[in-house]
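Keep in mind that what you see is a predicted model, and the values were worked out from it rather than measured.
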Amino acid sequence: MQRGSLARGEDEDRRASTVPYSHPEQPPPIPVFIFPPRLDFYADDQVSHKQVLTLYNPFTHVLRFKVLCTAPLRYTVVEAEGLVKPNSCIDIVTRHRDIRARNYGTTDKFRVDVWEEGASRGRGGRKDIAATLHATKPQAAERPPHVSLPWHPPSHVYSMQHGFPRTLSPWLFGLYILAGLVSMVILILPLHGDTRSLLHENLQVSVVQKLVAAYVLGLLTMVFLQG
């Protein structure tokens with residue numbers, strides 16, 4: 001009788017030991033919105049020795065960030081760590097300070113760690129940015145003299161090389177202004193699921209919409225600055 005009870009107990013323990021252990025679900029990492037996705041330095045172009053990384057925070061809470069590098073002695077990073085306010089961005093200036101021939105073609109990496117202010121750093125997100133030193137800056141391909149272009153774009157088409165055309169139509173200028181205002185409104189609106197917001201859920205936007213709005217606003221800024 002005792003032997004049978006002992007055998008049944010061993011079988012129950014064996015079955016219990018085969019039940020998989022369910023780990024508690026971990027929250028997804030925070031997406032890192034940073035531009036540009038890579039850095040290119042050119043030895044013969046002194047202006048390119050300084051590059052700027054723009055870190056965006058489309059969330060409703062403060063983010064803390066820290067920039068690491070695989071070759072810290074080759075670079076100087078201004079404000080390698082700090083805070084990004086909600087619905088805003090910050091510029092991180094990087095400078096290559098070891099422009100020598102032996103480093104041509106060398107690719108290093110910057111790692112940007114981002115986490116919510118007051119939370120554990122291990123629950124945040126991260127993104128790697130490749131940084132490469134080139135010997136010379138590639139020149140724009142010159143147009144062969146025998147090639148002729150009989151067709152010319154209309155005067156209202158914007159050219160990234162020549163800036164604004166001489167005659168910018170009022171409706172196109174108004175379209176740029178309207179797109180900029182809409183983008184700024186989207187950046188100001190709260191995210192979906194924000195319990196602290198007093199606005200209706202139809203007036204809440206997603207992270208993707210905020211990212212697109214920031215991208216459009218950056219393009220419009222380039223248009224006006226180059227004009």
Side-chain angles (χ1 to χ4, degrees), residues 24-41 48 50-72 75-96 108-132 176-226:
E25 294 185 1
Q26 297 293 333
I30 298 176
V32 181
F33 302 111
I34 192 166
F35 183 84
R38 62 172 292 116
L39 300 177
D40 290 296
F41 301 90
S48 70
K50 183 178 71 173
Q51 302 280 346
V52 177
L53 292 170
T54 303
L55 179 62
Y56 296 90
N57 178 12
F59 305 103
T60 57
H61 50 263
V62 179
L63 292 181
R64 180 173 290 276
F65 72 92
K66 185 172 184 178
V67 181
L68 306 173
C69 184
T70 56
Y75 303 90
T76 299
V77 180
V78 180
E79 295 188 32
E81 55 183 312
L83 301 175
V84 188
K85 296 179 180 180
N87 299 317
S88 62
C89 62
I90 189 172
D91 289 337
I92 305 171
V93 180
T94 63
R95 183 183 298 274
H96 202 303
D108 303 311
K109 285 186 178 181
F110 289 97
R111 169 162 291 179
V112 182
D113 287 344
V114 175
W115 65 97
E116 184 177 350
E117 171 68 2
S120 173
R121 181 176 175 181
R123 297 175 57 184
R126 60 180 50 177
K127 191 169 185 179
D128 291 340
I129 306 295
T132 305
Y176 289 157
I177 297 298
L178 180 61
L181 292 176
V182 172
S183 299
M184 287 190 291
V185 170
I186 292 177
L187 291 176
I188 295 174
L189 291 175
L191 287 171
H192 283 304
D194 186 5
T195 57
R196 296 173 296 179
S197 175
L198 300 179
L199 296 178
H200 192 268
E201 60 180 5
N202 292 334
L203 296 177
Q204 297 177 353
V205 296
S206 63
V207 174
V208 176
Q209 290 174 321
K210 281 183 174 287
L211 182 61
V212 172
Y215 181 74
V216 172
L217 196 60
L219 290 180
L220 292 175
T221 303
M222 291 176 57
V223 169
F224 286 109
L225 289 179
Q226 294 192 8

Between [atom1] on residue [X] and [atom2] on residue [Y], distance to nearest 0.5 Å:
| X | Y | atom1 | atom2 | value |
| --- | --- | --- | --- | --- |
| Phe41 | Asp108 | CZ | CG | 9.0 Å |
| Asp91 | Thr54 | CG | OG1 | 4.0 Å |
| Leu181 | Tyr176 | CG | OH | 15.0 Å |
| Ser206 | Leu189 | OG | CG | 11.0 Å |

Quick check: do [X] and [Y] have side-chain heavy atoms less than 4.5 Å from each other?
| X | Y | answer |
| --- | --- | --- |
| Phe59 | Pro31 | yes |
| Ile186 | Val216 | no |
| Leu63 | Ile30 | yes |
| Glu79 | Ile90 | yes |
| Ile92 | Val52 | no |

Which heavy-atom pair separates [X] from [Y] by the least distance, and what is that distance?
| X | Y | value |
| --- | --- | --- |
| Phe65 | Leu83 | CE2-N, 3.7 Å |
| Pro58 | Lys210 | O-CD, 2.9 Å |
| Arg38 | Thr132 | NH2-OG1, 3.0 Å |
| Gly125 | Val32 | C-CG2, 3.7 Å |
| Ala179 | Ser183 | O-OG, 2.9 Å |
| Pro29 | Gly124 | CB-O, 3.6 Å |

Show your reasoning for whether side-chain contact (heavy atoms from CB on, under 4.5 Å) applies to Leu53 and Val67.
CA-CA 11 Å; Leu53 292 170; Val67 181; 5.6 Å; no
Val112: which of Ile34, Asp128, Leu68 passes side-chain contact (heavy atoms from CB on, under 4.5 Å):
Ile34
Examine distances only and state if a side-chain atom of [X] and a backbone atom of [Y] form a donor-acceptor pair shorter than 3.5 Å.
| X | Y | result |
| --- | --- | --- |
| Lys50 | Thr94 | no |
| Gln51 | Asp40 | yes |
| Lys109 | Thr70 | no |
| Asn57 | Val84 | yes |

Neighbour count above 12 (heavy atom, 6.0 Å) for Glu117 CD:
yes
State which residue, out of Arg126, Arg64, Lys127, Lys66, fulfils the salt bridge (charged side-chain N to carboxylate O under 4.0 Å, His left out) condition with Asp113.
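Exactly one pass, corresponding to Arg126.
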Looking only at the aromatic ring of each residue, does the gap between the centers of Tyr75 and Phe110 stay below 6.0 angstrom?
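When the ring centroids of Phe110 and Tyr75 are compared, they turn out to be within the sub-6.0 Å range.
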